[in-house]
Every structure is written in C-alpha cells, then in structure tokens.
J.: 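Sharing a structure, written as structure tokens. Questions coming.
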2 protein chains.
Amino acid sequence: MPSRRHVIADDLRHQITSGHFKAGERLPSEAQLATRYTVSTATLRSALALLQGEGLVEKIHGSGNFVRRPLRKITYTGGGGAQSTWTAFSTPLRMTARTTNIEAPSHLTALLNVPPRSPLTEVLFTSHEGKTPHSLAHIYVPHDLAPSTPPLGEQIAVNPADLRPPLSEVQERVSARLPTQEEATTLRISPSLAVLSVTRVSTDAAGRVVEAALLVLPGDRADALFTTRFVTDERSSKE
Amino acid sequence: MPSRRHVIADDLRHQITSGHFKAGERLPSEAQLATRYTVSTATLRSALALLQGEGLVEKIHGSGNFVRRPLRKITYTGGGGAQSTWTAFSTPLRMTARTTNIEAPSHLTALLNVPPRSPLTEVLFTSHEGKTPHSLAHIYVPHDLAPSTPPLGEQIAVNPADLRPPLSEVQERVSARLPTQEEATTLRISPSLAVLSVTRVSTDAAGRVVEAALLVLPGDRADALFTTRFVTDERSSKE
DNA sequence: GAGTGGTCTAGACCACGAG
DNA sequence: TCGTGGTCTAGACCACTCA
C-alpha cells in the first residue's frame with residue numbers, strides 16, 4: 001500500500017532525475033510543495049526525508065531544499081599499495097590538511113599500540129570537489145615517525161608505502177553507519193545518509209604501528225575497492 | 001540547543017544500556033511513553049526513530065517496540081583466501097541456502113562478463129543467530145561451473161579458493177547505504193540502519209569470472225576486514 | 001523583517017498482531 | 001476484538017539565512 005509520502009517522494013525523485021529540477025537548484029518551499037500535493041507540511045517533509053537519505057536532496061535550514069549536485073563517485077583503493085590513498089581523478093580534488101601535535105587519546109592507544117598520552121601527530125584531511133566536501137580523514141602517526149615537512153595537497157598525507165621502512169602489513173576495517181552530527185556537518189550530508197568508515201592500520205616489519213587512518217566517506221558518492229591477486233604457481237600461497 | 005526528542009532518546013538509550021530495559025524486552029507503548037515524557041506521540045516516535053537508526057530498538061507493527069538483542073559482531077574477512085567466507089564463531093551460525101537456476105538478468109551480465117540470459121546458478125544465503133537474521137548473500141555462478149552437490153550449511157556455498165582451478169584475482173567492492181525495503185524486512189532491521197554491501201567477483205587464471213557474490217551486512221553488527229601483507233624482501237613487490 | 005526550514009502539539013483514522 | 005504502531009492533519013511557535 002503506497003503511502004502518500006512515497007508517492008510524493010517518487011514524483012519528486014522523477015522530476016529530479018529527469019532534469020525538471022536541475023542540479024543545485026532550489027526546490028519550491030515546503031509550504032508550496034505541501035499545497036501543491038495537498039498534504040500537510042509534516043507529510044511533505046517526511047517525503048523529503050526519504051530523498052535526503054538517498055542523497056538526492058540537501059536541506060539548508062533557513063534557505064531551502066536543494067537538488068544535490070551529483071558528484072563524481074570516488075573509489076578508495078584498499079591494500080595500502082596504491083600510489084596515493086585516493087585514486088587519481090580527471091578533475092583533481094582539492095585537499096586541505098591541518099596538522100596538530102596531540103597526546104594519544106584513549107581510543108587511539110589500542111589502535112596504535114602506544115602508551116596513553118604518547119605524542120602523536122594528527123593530520124586532518126578534507127577533500128573537496130568544487131565547494132562541496134567530499135571526504136574526511138584523520139591520520140595519526142607517532143610523533144617521532146612524522147615527516148618533518150608536512151605533506152601537501154597532492155596526495156593524502158603520509159603515504160607509508162613509498163616513504164617509509166617497508167611495511168609488513170596493512171589492515172583495513174570497513175564498516176557502514178550513519179554519520180555523527182559533526183561528520184554530517186563537515187561533509188554537508190544528511191544525518192540519515194550512510195557513510196563508509198575505514199580504519200586503516202599500517203605496521204612495519206618490526207611490528208610497530210606506523211600509521212592509523214580513520215576515513216569517512218559519504219555512502220552515495222564513494223566506495224572502497226580491494227583487489228587480491230593470487231600467485232598462479234602450483235603453490236597457491238596465501239596465508 | 002537540545003531538542004526534546006534528543007533528550008528523550010538519550011534517556012531511553014541510557015535505560016537500555018544500563019540494563020533497566022533488558023534485551024528482547026518490550027518497551028512501554030508509545031502512548032504510555034509519550035504521557036510519561038509529556039510530549040506528543042509524534043515527538044516520542046521521532047525519539048524512537050533515532051534509537052532505531054542506532055540499532056538499539058526494533059519496531060514491530062502491531063505489537064510494540066523491543067530492545068534489540070545485541071548480537072555478536074561478525075567480521076567478513078576479505079581477500080577471498082579465508083577458509084570460509086564467514087569467519088568461525090564460538091556460537092555457530094545457522095545458515096540456510098536456496099539454490100535456483102536462472103538466466104542472467106541484465107545487471108549481472110556485466111559483473112559476470114557473460115552474454116545476456118546465460119544460465120546461472122543462484123544461491124541465496126541467509127545466516128541466523130538464534131532466530132535473528134544476521135546477514136544476506138546472493139551468489140551467482142555460471143551454470144556449467146556450479147558444483148553438482150549443492151553446498152550445505154557449514155560454510156558459505158561456493159568456496160572458490162579451495163575447490164576450484166586456482167583463482168587469479170578476487171575483487172571486492174564495498175559500499176555503505178540504507179537497505180532496500182526487502183533487505184530491511186529480511187534482515188529485520190530498520191530502514192534507517194545502514195548496511196554494508198560487498199560485491200565480490202572472483203576470476204580464474206583464464207580471466208573467466210567464476211563467481212559473483214552480493215553480500216549485505218547490517219552495519220551495526222558486521223564489518224569487513226582486509227589484510228594485506230607485503231613481501232619483506234628488498235623487492236617490495238606490489239603491483 | 002520576510003521567508004525559509006525545524007520542532008512540536010493534540011488530535012484522527014488506518015493497518016497489523018495476538019488472543 | 002483490542003491494543004499496538006503507522007500515517008496524516010492543521011495548525012503553532014522557534015531558529016536560521018539573507019537582503
């Protein structure tokens with residue numbers, strides 16, 4: 001049984017995908033739409049909430065509902081061996097980085113395998129496409145391993161594969177969840193739009209954790225790709 | 001500025017995590033809770049919606065709101081080299097499988113690299129812990145490669161690593177999104193609880209796609225783990 | 001200040017579940 | 001049948017944005 005909000009959401013979705021409402025454009029106000037569909041504002045808002053969860057609409061308090069600009073999909077390449085953590089794009093992403101020295105908070109000591117309040121270098125990365133934020137990364141490196149020259153915008157920070165004593169292992173834990181309020185604000189996404197969260201821990205040959213990275217990617221415009229190749233000898237070496 | 005629904009959600013969350021409301025228990029009816037907190041039912045429901053998105057509460061139409069039983073977290077191990085797609089658990093998971101022969105629908109031909117309407121064997125897997133569904137998997141295998149003895153409940157179906165001509169590559173694409181209505185129903189999760197979606201494509205040495213698997217895991221009780229080890233010789237061979 | 005979305009109310013009626 | 005959650009209304013008032 002189709003509820004009104006679904007019917008309205010379907011109609012609006014069609015008008016958006018068919019180009020009747022263009023990318024970046026402001027939709028009519030909720031009051032106008034409610035009148036047009038002869039529903040109450042509450043019902044209309046719940047229809048918009050559906051589209052918001054799909055990443056089609058962005059609500060901006062005080063100014064309106066906007067058709068979300070469909071951004072280039074980004075793919076995070078796992079395995080730690082890529083040239084850069086972010087794959088290359090035809091349109092280069094603009095990156096901003098902020099480096100801080102902190103003392104390891106409790107939730108990081110286990111991850112980095114360091115004593116509490118060890119000195120760390122934290123790098124906060126944000127990638128943008130145009131004006132829209134695209135992804136978020138917190139990277140933590142033990143202070144004595146941090147590069148003296150802070151990395152610039154070309155690639156995402158610490159790139160352990162090339163710069164460092166050889167890594168022995170990169171472990172990436174991927175999960176799906178809703179964004180925290182802070183993440184939703186920074187990424188300018190709906191609190192109801194799922195994000196992909198990647199926790200990457202890189203270990204060197206000595207077993208020391210060289211880097212921990214916490215990445216947050218909006219679910220509608222990013223995914224992660226992991227490729228495993230097998231040795232095609234008779235010894236199918238793995239593990 | 002804390003809204004009422006957040007205050008209520010915080011309070012209920014605390015009562016759940018502190019054990020005042022126990023796992024599996026039914027909460028007071030929405031009308032009762034609304035009275036207790038002196039808010040309208042709409043406000044109370046929006047508070048419950050927050051908890052639902054966190055996976056703390058399960059709503060069952062017609063019978064009540066229940067504290068969701070915190071299930072064992074499952075970890076999907078990537079890389080295709082694990083003994084079974086699902087790692088072992090102290091409490092074994094119950095698996096149910098349903099095998100069907102179908103003709104490749106359009107959205108699969110590209111994935112499997114086969115002509116339209118090729119014969120495929122589809123295996124639909126559901127894992128359960130107790131009575132609660134835990135994960136969902138659609139596995140597609142070209143019909144002539146399908147094992148004659150349908151796989152049983154111990155491990156997830158087609159396990160290419162051991163049974164088959166050696167694989168050359170396993171590619172896993174991971175994304176985060178909200179569940180479809182069907183997935184939400186099957187997994188008995190809230191439509192607002194993010195799921196982790198894994199598309200795994202296994203290729204053999206001849207470049208033929210041997211298996212495609214579409215996995216859906218509830219975000220609050222599953223994550224995926226990818227481990228990459230590097231050769232610790234002087235030749236840091238990768239790529 | 002005018003217009004927008006955000007929160008909330010106090011109801012009504014419908015659909016589902018279990019006894 | 002009865003109690004539950006699901007949908008919806010027609011407002012009110014508040015908070016934010018922008019000219």
Side-chain angles (χ1 to χ4, degrees), chain A residues 1-12 16 21 24-53 56-68 131 178-179 181 184-185 188-193, chain B residues 1-12 16 21 24-53 56-68 131 178-179 181-182 184-186 188-193:
Chain A
M1 181 138 307
S3 57
R4 278 185 230 209
R5 71 153 173 282
H6 282 111
V7 174
I8 296 173
D10 288 347
D11 187 54
L12 288 173
I16 289 174
F21 291 127
E25 196 174 324
R26 212 207 76 179
L27 297 180
S29 74
E30 300 186 347
Q32 286 174 321
L33 288 173
T35 306
R36 176 187 305 181
Y37 289 109
T38 44
V39 292
S40 71
T41 59
T43 302
L44 185 111
R45 282 173 56 76
S46 83
L48 284 178
L50 296 175
L51 302 178
Q52 209 188 354
L56 280 172
V57 165
E58 175 181 358
K59 323 201 73 169
I60 301 183
H61 188 169
S63 74
N65 294 287
F66 296 82
V67 178
R68 196 136 165 276
K131 279 163 57 182
L178 295 182
Q181 194 178 338
T185 309
R188 296 222 280 134
I189 57 176
S190 148
S192 62
L193 194 146
Chain B
M1 179 139 309
S3 58
R4 278 185 231 208
R5 71 153 171 283
H6 282 109
V7 174
I8 296 174
D10 288 347
D11 187 54
L12 289 173
I16 290 174
F21 291 129
E25 197 174 325
R26 212 206 78 180
L27 297 180
S29 76
E30 300 186 347
Q32 287 174 320
L33 288 173
T35 306
R36 176 186 305 181
Y37 289 108
T38 40
V39 292
S40 71
T41 60
T43 303
L44 185 111
R45 281 173 57 75
S46 84
L48 283 178
L50 296 175
L51 302 178
Q52 209 188 355
L56 280 172
V57 166
E58 176 181 357
K59 322 200 73 169
I60 301 183
H61 189 169
S63 74
N65 294 285
F66 295 83
V67 178
R68 195 137 167 275
K131 281 163 56 181
L178 295 182
Q181 194 178 338
E182 195 199 343
T185 309
T186 314
R188 297 221 282 131
I189 59 176
S190 148
S192 62
L193 194 148

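So you know, we letter chains A, B, ... as the sequences are listed, proteins then strands, and number each from 1.
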J.: Taking side-chain contact (heavy atoms from CB on, under 4.5 Å) as the definition, give me every residue that meets it alongside B/Asp10, ordered by chain and number, with sequence neighbours left out.
T.: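 With neighbours one apart ignored, the set is B/Arg13.
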
J.: Would you name the heavy atoms of B/Ala47 and B/Ala9 that are closest together and state the gap between them?
T.: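 Of all heavy-atom pairs spanning B/Ala47 and B/Ala9, the closest is O-CB, 3.9 Å.
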
J.: Looking only at non-hydrogen atoms, find the nearest pair between A/Arg26 and A/Ser63 and report the distance.
T.: CD-O, 3.4 Å

J.: Can you see which heavy atom on B/Ile189 is nearest to which on B/Pro179, and at what distance?
T.: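 Of all heavy-atom pairs spanning B/Ile189 and B/Pro179, the closest is CD1-CG, 4.0 Å.
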
J.: Tell me whether the OP1 or OP2 atom of D/dT7 has a side-chain N or O from A/Thr43 closer than 4.0 Å.
T.: no

J.: What are the two closest non-hydrogen atoms of A/Thr38 and A/Arg4, and how far apart are they?
T.: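 Looking at all heavy atoms of both residues, the shortest contact is O-NH1, 4.3 Å.
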
J.: Would you mind reading off the distance between B/Gln52 atom CD and D/dG5 atom P, rounded to a whole angstrom?
T.: 12 Å

J.: In a check of side-chain contact (heavy atoms from CB on, under 4.5 Å) between B/Tyr37 and each of B/Leu12, B/Val7, B/Thr43, which one passes?
T.: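 Result: among B/Leu12, B/Val7, B/Thr43, B/Leu12 is the only option passing the side-chain contact (heavy atoms from CB on, under 4.5 Å) with B/Tyr37.
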
J.: Show each protein N/O and nucleotides 11-19 of chain D N/O combination with a separation under 3.5 Å, one pair to a line.
T.:
| from | atom 1 | to | atom 2 | distance (Å) |
| --- | --- | --- | --- | --- |
| D/dA15 | N3 | A/His61 | NE2 | 3.1 |

J.: Take atom NZ of B/Lys59 and atom P of C/dA15, then tell me their distance rounded to the nearest Å.
T.: 18 Å

J.: Could you tell me the separation between the CZ atom of B/Phe66 and the P atom of D/dG5, rounded to a whole number of Å?
T.: 9 Å

J.: Separation of B/Leu27 atom CG from D/dG5 atom C1', in whole Å?
T.: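 Going from B/Leu27 (CG) to D/dG5 (C1'), I get 12 Å.
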
J.: Which atom pair, heavy atoms only, marks the closest approach of B/Gly24 to B/Phe66?
T.: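 Scanning both residues, the minimum pair turns out to be O-CD2, 3.6 Å.
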
J.: Grab the CG-P distance between A/Leu50 and D/dC8 for me, whole Å please.
T.: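 Answer to the nearest Å: 10 Å.
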
J.: Kindly say if B/Asn65 contacts the phosphate of D/dG5, meaning a side-chain N or O under 4.0 Å from OP1 or OP2.
T.: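 Yes, within the criterion.
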
J.: Quick check on D/dT7: is either OP1 or OP2 less than 4.0 Å from any side-chain nitrogen or oxygen of A/Arg4?
T.: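 For D/dT7, OP1/OP2 do not have a side-chain N/O of A/Arg4 under 4.0 Å.
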
J.: Please list residues of residues 28-40 of chain B whose heavy atoms come under 4.0 Å from any atom in DNA chain C, ordered by number; otherwise none.
T.: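 Listed by number, they are B/Thr38, B/Val39, B/Ser40.
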
J.: Just how far, in rounded Å, is P of D/dC8 from CG of A/Leu48?
T.: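 The distance from CG of A/Leu48 to P of D/dC8 comes to 14 Å, rounded to the nearest Å.
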
J.: To the nearest 0.5 Å, what is the distance between OG on B/Ser46 and CG on B/Leu51?
T.: 10.0 Å

J.: Whether A/Arg45 contacts D/dC8 is assessed here as follows: a side-chain N or O lying under 4.0 Å from the phosphate OP1 or OP2. Is that the case?
T.: no

J.: Where is the tightest heavy-atom contact between B/Arg188 and B/Arg68, given as atom of each residue plus distance?
T.: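 Minimum heavy-atom contact is O-NE, 4.3 Å.
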
